[in-house]
Number of protein chains: 2
Amino acid sequence: MPRPSVREQLVDAAMECFHQRGFNGTGIQDIARTAGVPKGSVYNHFENKEALAAEVMDRYAVSRKLEMLQDEGLAPVPRLRAHFQYLAADLERFSYERGCMFGNFGTELSNQSDMMRGEVDSRLDLWTSAVTEVLDQAREAGTLTTPLTPGQLGRFLVNAWEGAVLRAKVTRNRAPLDGFFDVFDSLLA
Amino acid sequence: MPRPSVREQLVDAAMECFHQRGFNGTGIQDIARTAGVPKGSVYNHFENKEALAAEVMDRYAVSRKLEMLQDEGLAPVPRLRAHFQYLAADLERFSYERGCMFGNFGTELSNQSDMMRGEVDSRLDLWTSAVTEVLDQAREAGTLTTPLTPGQLGRFLVNAWEGAVLRAKVTRNRAPLDGFFDVFDSLLA
DNA sequence: ACCGTCAAGACGACCGTTCATATTCTCGGG
DNA sequence: CCCGAGAATATGAACGGTCGTCTTGACGGT
């Protein structure tokens, strides 16, 4: 059984490198150097670069804290807003440079790896379903006034968020996220 | 003066390669092979890989046909919708695999090249302004009912479009674009 | 002959992965 | 407890290749 800490070091390092440089812009040597372990060790823990990226993305998914969307101590719409605010705060920690890993990998890897595209697709689907579930609750509670269905809204909001995050990555400020919240409030207030 | 057709061949080839594989996933050899010219010739026409990418992005920007947004033969909201429909038809030609080059390069290059990030930023800004101008006209014509300002709407729509296009790249179908139009119609009808 | 253009191969570096060797761990026997 | 053997794990260099860019010589036009 390999020492767990090397594997963790690699995942942490890869998280940072993939966010900073993307998948193809990151070399295994970059990850190894950042983790402070020899390059060959990467292959003791991961079959290949993609397997490492998939692990990193799983870790990223956990950090999105989708369980927040099930916290019934908060009403549906404020709960949903808190979720996006949480994501916005995370982006701010890195000066908006990181974007969203789902979007980043989706952009970069969809034509390169069917496995990774499928992973991104699944993750975005899970997220969309969780958001839609909250909107279903809002509709049942009678607080949704828009004629759009919870499904339409849920799908749209996740995509619009990805677009706003991408724009924030380009502008390196929060204006696109603020713009998202303006429309969020308009649609859901 | 070098023959323009080699340069054009390179730009066309790079357009295809960058769309298919992204910037870092595309090698100069890929572009040269696709163009049917020798690798060394690339540097007769472009200072480096980035300069080629910038030229390709300029070409891409022209193909977005923003001038459609100034066609006063059509009312503002139908004109704007036609613009996005035009973009959607272009995506369909490539089975939604290409995404939007602004978004793709923004994602991949924002942390790698300040020059390219600035180019993407400028392009997205121009587009946003053009969209906002149409919405200003719609507001003046009294056909905008949403309390959101033309500026808020313009910024949001461009970002939401980018997010929808990215999602379509992952799902490889038009559902995310259809979802965009549902909300577009809800906000602007 | 001179100049500008082009192309092919070289340059110095990096790529992801493998593999032979070194190191560490585990287990059983004395 | 100690030791040795074997298994498991780690390491660093090599592998076979690609990368973006540069350089030099060939070629054609004037």
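All values below come from the heavy atoms of this structure, side chains included, with hydrogens, waters and symmetry mates left out. Lettering of chains follows the sequences in order, A, B, ..., and the numbering in each one begins at 1.
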Are [X] and [N] close enough that a side-chain N or O sits under 4.0 Å from OP1 or OP2?
{"X": "B:Tyr43", "N": "D:dC22", "answer": "no"}
{"X": "A:Ser41", "N": "D:dA10", "answer": "no"}
{"X": "B:His45", "N": "C:dT5", "answer": "no"}

Nearest to the [X] side chain among [options], which nucleotide is it?
{"X": "B:Ile28", "options": "D:dT21, C:dG16, D:dT11", "result": "D:dT21"}
{"X": "B:Gln29", "options": "D:dT11, D:dC19, C:dA7", "result": "D:dC19"}
{"X": "B:Lys49", "options": "C:dT17, C:dA7, D:dT21", "result": "D:dT21"}
{"X": "B:Asn48", "options": "D:dT21, C:dG16, D:dT11", "result": "D:dT21"}
{"X": "A:Lys39", "options": "D:dG20, C:dG16, D:dT11", "result": "C:dG16"}

For the pair made of [atom1] in [X] and [atom2] in [N], what is the distance, rounded to whole Å?
{"X": "A:Phe46", "N": "D:dT9", "atom1": "CZ", "atom2": "C1'", "value": "15 Å"}
{"X": "B:Ile31", "N": "D:dT21", "atom1": "CD1", "atom2": "C1'", "value": "13 Å"}
{"X": "B:Leu10", "N": "C:dC6", "atom1": "CG", "atom2": "P", "value": "11 Å"}
{"X": "A:Asn44", "N": "C:dG16", "atom1": "CG", "atom2": "P", "value": "17 Å"}
{"X": "A:Leu52", "N": "C:dT17", "atom1": "CG", "atom2": "P", "value": "10 Å"}
{"X": "A:Arg33", "N": "C:dC14", "atom1": "CZ", "atom2": "C1'", "value": "11 Å"}
{"X": "A:Arg7", "N": "D:dA10", "atom1": "CZ", "atom2": "C1'", "value": "16 Å"}

(message) I'd like to know whether CD of B:Glu47 has more than 12 heavy-atom contacts from other residues, nucleotides or ligands below 6.0 angstrom.
(response)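 No, because the 6.0 Å sphere around CD of B:Glu47 holds 12 heavy atoms or fewer from other groups.
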(request) Look at the rings of B:Phe105 and B:Phe18 and say which category their plane angle falls in: under 30° parallel, 30 to 60° tilted, over 60° perpendicular. (result)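 Perpendicular, since the angle between the ring planes exceeds 60°.
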(request) Would you indicate what B:Gly27 reaches in the nucleic acid, counting non-hydrogen atoms under 4.0 angstrom: base, sugar-phosphate, or nothing? (result)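 Sugar-phosphate: the residue B:Gly27, judged by heavy atoms under 4.0 Å, touches backbone atoms but no base.
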(request) Run the numbers on A:Thr143 and A:Leu188 for side chain to side chain contact (heavy atoms under 4.5 Å, CB included), then give the verdict. (result) CA-CA 8 Å; A:Thr143 58; A:Leu188 291 148; over 6 Å; no
(request) Using the closest heavy atom to pick a nucleotide of DNA chain C for each, name whichever of A:Gly40 or A:Gly25 lands nearer the 5' end. (result)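 The residue whose closest nucleotide sits nearer the 5' end is A:Gly25.
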(request) On DNA chain C, check which nucleotide each of A:Asp30 and A:Glu47 is closest to and give me the residue with the more 5' one. (result)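 That would be A:Asp30.
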(request) Would you tell me whether B:Ser110 and A:Arg98 have side-chain atoms, one donor and one acceptor, within less than 3.5 Å of each other? (result)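 No donor-acceptor contact under 3.5 Å links the two side chains.
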(request) Working to the nearest 0.5 Å, report the span between CG of A:Leu66 and CD of A:Glu133. (result)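 Here the rounded value is 12.5 Å.
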